[in-house]
Amino acid sequence: MDIISEILQTDKLADAKIIRANEKKAELEQLTHDEIADLERTSSEKVETYRAKVIEKCKKQTEAQIAKIEKNEKDKIAGIDALYSAKHKKWEKAIVERVFSEK
């Protein structure tokens, strides 16, 4: 009986170890799932933050480029206006002379 009770005792200890191992396994699986969820959330937040920074940077670059183009266009128009102001009388006179001289 002594050997049988030792075998039964060993079997009970083995069952207890298996139960503790399964509990530890479940605990580790839950921790792993929690860490994965946390990493996904953190990664998503980092991606959104980075995306917002890139969008803002692109927006500022675009606005700066648009402002530069608008300034260049205003400068060109101002140059054309200045040229017209300086020479329009001469041009008008040349056009009128050409029209009357061709008749």
| request: Quick one: which residue pairs count as a salt bridge (Lys or Arg N to Asp or Glu O under 4.0 Å) with a foot in residues 42-54, not counting sequence neighbours? | output: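 Qualifying pairs: Arg41-Glu45, Glu48-Arg51.
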| task | Scan residues 78-93 for pairs that pass salt bridge (Lys or Arg N to Asp or Glu O under 4.0 Å), counting only residues two or more places apart or in two chains. | result |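 Every candidate salt bridge (Lys or Arg N to Asp or Glu O under 4.0 Å) pair involving residues 78-93 fails, so no pair, neighbours aside, qualifies.
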Find the distance between [atom1] ([X]) and [atom2] ([Y]) and round it off to the nearest 0.5 Å.
X: Ile66; Y: Lys68; atom1: CD1; atom2: NZ; answer: 13.0 Å
X: Leu39; Y: Thr32; atom1: CG; atom2: OG1; answer: 10.5 Å
X: Arg20; Y: Ile18; atom1: CZ; atom2: CD1; answer: 10.5 Å

| message | Suppose we screen for side chain to side chain contact (heavy atoms under 4.5 Å, CB included). Which residues come up paired with Ile80, at least two apart in sequence or across chains? | response |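 Residues passing side chain to side chain contact (heavy atoms under 4.5 Å, CB included) with Ile80: none at all.
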| request: For Lys17, check salt bridge (charged side-chain N to carboxylate O under 4.0 Å, His left out) against everything at least two apart and list the hits. | output: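 Residues passing salt bridge (charged side-chain N to carboxylate O under 4.0 Å, His left out) with Lys17: none at all.
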| query | Listed by chain and number, what are the side chain to side chain donor-acceptor pair (under 3.5 Å) partners of Asp34, not counting sequence neighbours? | reply |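 Per chain and number, Asp34 pairs via side chain to side chain donor-acceptor pair (under 3.5 Å) with Gln30.
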| request: Run through Ile7, Leu8, Asp2 and flag the one making a side-chain contact (heavy atoms from CB on, under 4.5 Å) with Ile4. | output: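 So the option named by the test is Leu8.
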| message | Taking side chain to side chain donor-acceptor pair (under 3.5 Å) as the cut-off, I'd like each qualifying pair that reaches into residues 54-66, sequence neighbours left out, listed once. | response |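 For residues 54-66: none.
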